[in-house]
There are 2 protein chains.
Amino acid sequence: MKNNKEIVHCFVDYGFKRIGGKYKGRILWVLKGGVLRYGELKRAIVGITPKMLTQTLRELEADELVHRKVYLEVPPKVEYALTTTGKELIPFIEQLRSWAKNQMEQKNIT
Amino acid sequence: MKNNKEIVHCFVDYGFKRIGGKYKGRILWVLKGGVLRYGELKRAIVGITPKMLTQTLRELEADELVHRKVYLEVPPKVEYALTTTGKELIPFIEQLRSWAKNQMEQKNIT
DNA sequence: TAATGTACATACTAAAAAGTTACTAATGTT
DNA sequence: AACATTAGTAACTTTTTAGTATGTACATTA
């Protein structure tokens, strides 16, 4: 999800542009639990490919929602954590989540 | 944004699938103010094409977030309104919106 | 008689997002 | 020497989403 150069029409538009995309919400949500390494994220976000994980993390980083810390070791070690701005989004995701939970229970979705 | 048949991985995933897409958030948000006709929506959602407006409204309708009421008149008249489920999303959008507002002000985005 | 208004539909194209497959670096371990 | 480990990359294809351009119905109004 590219969001540079595009015209932002309103706050809602801007907000959705920053958290849109197939995996951003899930990534932010699991990072709510604390710092995670790349491989841990990969296991947590079931179904994501390394390409999409890296790509999405880079977008989140550029967007200052996630912080990336590289350890100069071999084998490599990279840790990801929410930034302050990223943490501010958690209540919002939580609200969507509880709405979704409700909906899924009502609709009996497996 | 198609979301049938796909695997839903968690509540967050499900939630984002239901409100994802370029215009859904904005449409729900303007409908918060009350019932709107097709043409009014078109004017409210600046930049949307009739194709995308219709398509998105149909998705929202199929998803039971928006209700569509057709008057059998000529020229045609169709009204759109939030359903109960749709209204339940408003606080959530409001939260994203206020986060976005904050961000935009901090970053001095026009 | 022709234009106007309204809510679309249809066919097609372009752009964006996501997926697939294969590959790398450098050290420690067997 | 071969192998495992970790966090990715690169090139390419497919799928999905969005945009463009044009057309339709039909009562009312000019």
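To find a chain, count down the sequence lines: A is the first, B the second, and so on, and within it residues start at 1. Since the model is a prediction, treat every value here as computed from it, not as a measurement.
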Phosphate OP1/OP2 of D:dT6 contacted by A:Arg43 side-chain N/O (<4.0 Å):
no
In whole angstroms, how far is the P atom of C:dA16 from the CD atom of A:Glu59?
13 Å
Partners of B:Thr49 by side chain to side chain contact (heavy atoms under 4.5 Å, CB included), sequence neighbours excluded?
B:Lys51, B:Met52
To the nearest angstrom, how far is B:Glu73 atom CD from C:dT4 atom C1'?
17 Å
For DNA chain D, find the residues of residues 28-40 of chain A with a heavy-atom distance under 4.0 Å and give them by number; none if there aren't any.
A:Arg37, A:Tyr38, A:Gly39
To the nearest angstrom, how far is A:Lys42 atom NZ from D:dA7 atom P?
11 Å
Measure across B:Val46 and B:Arg26 and return the closest heavy-atom pair with its distance rounded to 0.1 Å.
O-NH2, 3.0 Å
At under 4.0 Å between heavy atoms, what does A:Tyr71 touch on the DNA or RNA strands: base, sugar-phosphate, or nothing?
nothing
Reckon B:Tyr80 touches a base, only the sugar-phosphate, or nothing at all at heavy-atom distances under 4.0 Å?
sugar-phosphate
Check the distance between C:dA16's C1' and A:Lys22's NZ and give it to me in whole angstrom.
14 Å
Per nearest nucleotide of DNA chain C, the residue lying toward the 5' end, A:Gly47 or B:Leu57, is B:Leu57
Rounded off to whole Å, could you give me the CD1-to-C1' distance for the A:Ile48 and C:dA17 pair?
13 Å
Rounded to whole Å, CD of B:Gln55 lies from P of C:dC8 at a distance of 13 Å
Encode nucleotides 21-30 of chain D as B, S and - characters from 5' to 3', where the letter depends on protein heavy atoms closer than 4.0 Å: B to the base, S only to sugar-phosphate, - to neither.
-----BS---
Tell me the interatomic distance from B:Met52, atom CE, to C:dA9, atom P, rounded to whole angstroms.
13 Å
Within-4.5 Å side-chain heavy-atom neighbours: A:Glu61 and A:Leu57:
no
Can you give me every donor-acceptor pair (side chain of residues 71-90 of chain B, partner residue at least two apart or in another chain, under 3.5 Å) with its distance?
residue : atom : partner : partner atom : Å
B:Tyr71 : OH   : B:Glu79 : OE1          : 2.9
B:Tyr80 : OH   : B:Arg68 : NE           : 3.1
B:Thr83 : OG1  : B:Glu64 : O            : 2.7
B:Thr83 : OG1  : B:Leu65 : O            : 3.2
B:Thr83 : OG1  : B:Thr85 : N            : 3.4
B:Thr83 : OG1  : B:Gly86 : N            : 3.0

Determine whether a donor-acceptor pair (N or O, by modelled atom type, separation under 3.5 Å) exists between the side chain of A:Arg18 and the backbone of A:Asp63.
yes
Please list all pairs meeting ring-ring contact (aromatic ring centres under 6.0 Å, His included) that have one or both residues in residues 85-104 of chain B, counting only residues at least two apart or in different chains.
A:Phe92-B:Phe92
Give a yes or no answer on whether the side chain of A:Asp13 reaches the backbone of A:His9 with a donor-acceptor pair at less than 3.5 Å.
yes
Has A:Tyr14 got a side-chain atom pairing as donor or acceptor with B:Ile109's backbone, closer than 3.5 angstrom?
no
Reckon A:Arg68 has a side-chain N or O less than 4.0 Å from the OP1 or OP2 of D:dA7?
no
Between P on D:dT17 and CZ on B:Phe16, what's the gap in Å once rounded to a whole number?
16 Å
Considering only distance and modelled atom types, tabulate donor-acceptor pairs under 3.5 Å from the side chains of residues 27-34 of chain A, sequence neighbours left out.
none

